[in-house]
Trainee: 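Dropping the structure in here first, questions after.
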Amino acid sequence: ETGVTQTPRHLVMGMTNKKSLKCEQHLGHNAMYWYKQSAKKPLELMFVYNFKEQTENNSVPSRFSPECPNSSHLFLHLHTLQPEDSALYLCASSPGRNSYEQYFGPGTRLTVT
Amino acid sequence: GENVEQHPSTLSVQEGDSAVIKCTYSDSASNYFPWYKQELGKGPQLIIDIRSNVGEKKDQRIAVTLNKTAKHFSLHITETQPEDSAVYFCAASLTNTGNQFYFGTGTSLTVIP
């Protein structure tokens, strides 16, 4: 795959589990984003990283923990999630924090049981 | 903050007809308006965008219009084809404050063969 890739594509986890979502962009971009997509709701921005530094945290609960080791990789570490956290988690990238276009990956469909 | 409203939530058209999706935004400072298409099982794909210094932009069968005074913008798809069936999202952003996108709730377009 080219562009923005995400793994795994599907994840089922219990409320006591710890898991991680991975995103990789092959576009040479410097900014990366995590979004949550729930049914009937607008996409919600969770975190923004620019040149590996977190620049936005939109009041996301601490059970979601992002990590950006370099400009190409972004992780979302999950622990003690709730059933209402079940959603499609989308990663996106853009050339820079103030750039126009954002390019999305295919998402990870998360189900919390 | 910015508030984006999108209508209609569902739209069915006959193949060959035109489809129009409308969005309004609240922050007159927003300066970038992308449209995304999301097919089942995939992430949103950027299909067209418009910046605030332009009133209209066209790319083959797709066009976007922007009315800054009224704070609304629209997506026009002409000569619709079954492969246009998808969920379409509009967004608004102010790029010089970190490029946070505010998304509409989506329009599910069905093109009937």
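Within every chain, numbering begins at 1; the chains are lettered A, B, ... in the order of the sequence lines, protein sequences first and strands thereafter.
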Trainee: Give the cluster check for A/F51 versus A/Y49: same hydrophobic cluster or not, with ILVMFWY residues linked at side-chain heavy-atom distances below 4.5 Å.
Mentor: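 Hydrophobic grouping puts A/F51 apart from A/Y49.
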Trainee: Among the clusters formed by ILVMFWY side chains lying less than 4.5 Å apart, do B/F33 and B/V20 turn up in the same one?
Mentor: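 No, because B/F33 and B/V20 fall into different hydrophobic clusters, even though each may have its own neighbours under 4.5 Å.
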Trainee: Quick check: does any side chain N or O of A/R109 sit under 3.5 Å from a backbone N or O of B/G41, one acting as donor and the other as acceptor?
Mentor: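 No: the side chain of A/R109 does not pair with the backbone of B/G41.
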Trainee: B/G43 and A/L90: which non-hydrogen atoms are nearest, and at how many Å?
Mentor: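 Between these two residues, the closest heavy atoms are CA-CD2, 4.0 Å.
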Trainee: Side-chain heavy atoms nearer than 4.5 Å, only ILVMFWY residues, links allowed to pass through others: does that put B/I50 and B/L94 together?
Mentor: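 No.
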Trainee: For B/Y36, is it the side chain, the backbone, both or neither that has a heavy atom under 4.5 Å from a heavy atom of chain A?
Mentor: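 Only the side chain of B/Y36 comes within 4.5 Å of chain A.
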Trainee: Quick check on B/Q60: does its CD atom have over 12 non-hydrogen neighbours (other residues, nucleotides or ligands) under 6.0 Å away?
Mentor: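 Result for CD/B/Q60: open.
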Trainee: What's the verdict on side chain to side chain contact (heavy atoms under 4.5 Å, CB included) for B/K42 and A/F104, showing C-alpha distance, side-chain angles and the deciding distance?
Mentor: CA-CA 9 Å; B/K42 298 184 178 181; A/F104 285 83; over 6 Å; no
Trainee: What distance separates A/E101 CD from B/Y32 OH, expressed to the nearest 0.5 Å?
Mentor: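 Here the rounded value is 4.5 Å.
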Trainee: Spell out, yes or no, whether B/I21 and B/V87 are grouped together once hydrophobic residues are joined by side-chain heavy atoms under 4.5 Å, including indirect joins.
Mentor: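 In one cluster: no.
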Trainee: Are A/L43 and B/F101 close enough that some pair of their side-chain heavy atoms sits under 4.5 Å apart?
Mentor: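 In short, these two side chains do not touch, never coming nearer than 4.5 Å.
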Trainee: Once you round to the nearest 0.5 Å, how far does CD of B/Q45 lie from OH of A/Y103?
Mentor: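 OH of A/Y103 is found 10.0 Å from CD of B/Q45.
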Trainee: How about B/E79: does its CD atom have over 12 heavy atoms from other parts shown lying under 6.0 Å from it?
Mentor: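 12 or below, so no.
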Trainee: Are any of the side-chain heavy atoms of A/L88 and B/Q38 separated by less than 4.5 Å?
Mentor: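 Yes, their side chains come closer than 4.5 Å.
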Trainee: Is any side-chain heavy atom of B/F103 closer than 4.5 Å to one of A/E44?
Mentor: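 A side-chain contact is absent here, since even the closest heavy-atom pair is not under 4.5 Å.
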Trainee: Pick one of side chain, backbone, both or neither for B/P44, based on which atoms fall under 4.5 Å of a heavy atom in chain A.
Mentor: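 B/P44 touches chain A through backbone and side-chain heavy atoms alike.
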Trainee: Just so I know, are the side chains of A/Q37 and B/F89 near enough to count as touching, which here means a heavy-atom distance under 4.5 Å?
Mentor: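 Yes, side chains in contact.
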Trainee: Could you state whether A/L81 and A/L11 fall into the same hydrophobic cluster, counting links through intermediate Ile, Leu, Val, Met, Phe, Trp or Tyr residues with side-chain heavy atoms under 4.5 angstrom apart?
Mentor: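 A/L81 clusters together with A/L11.
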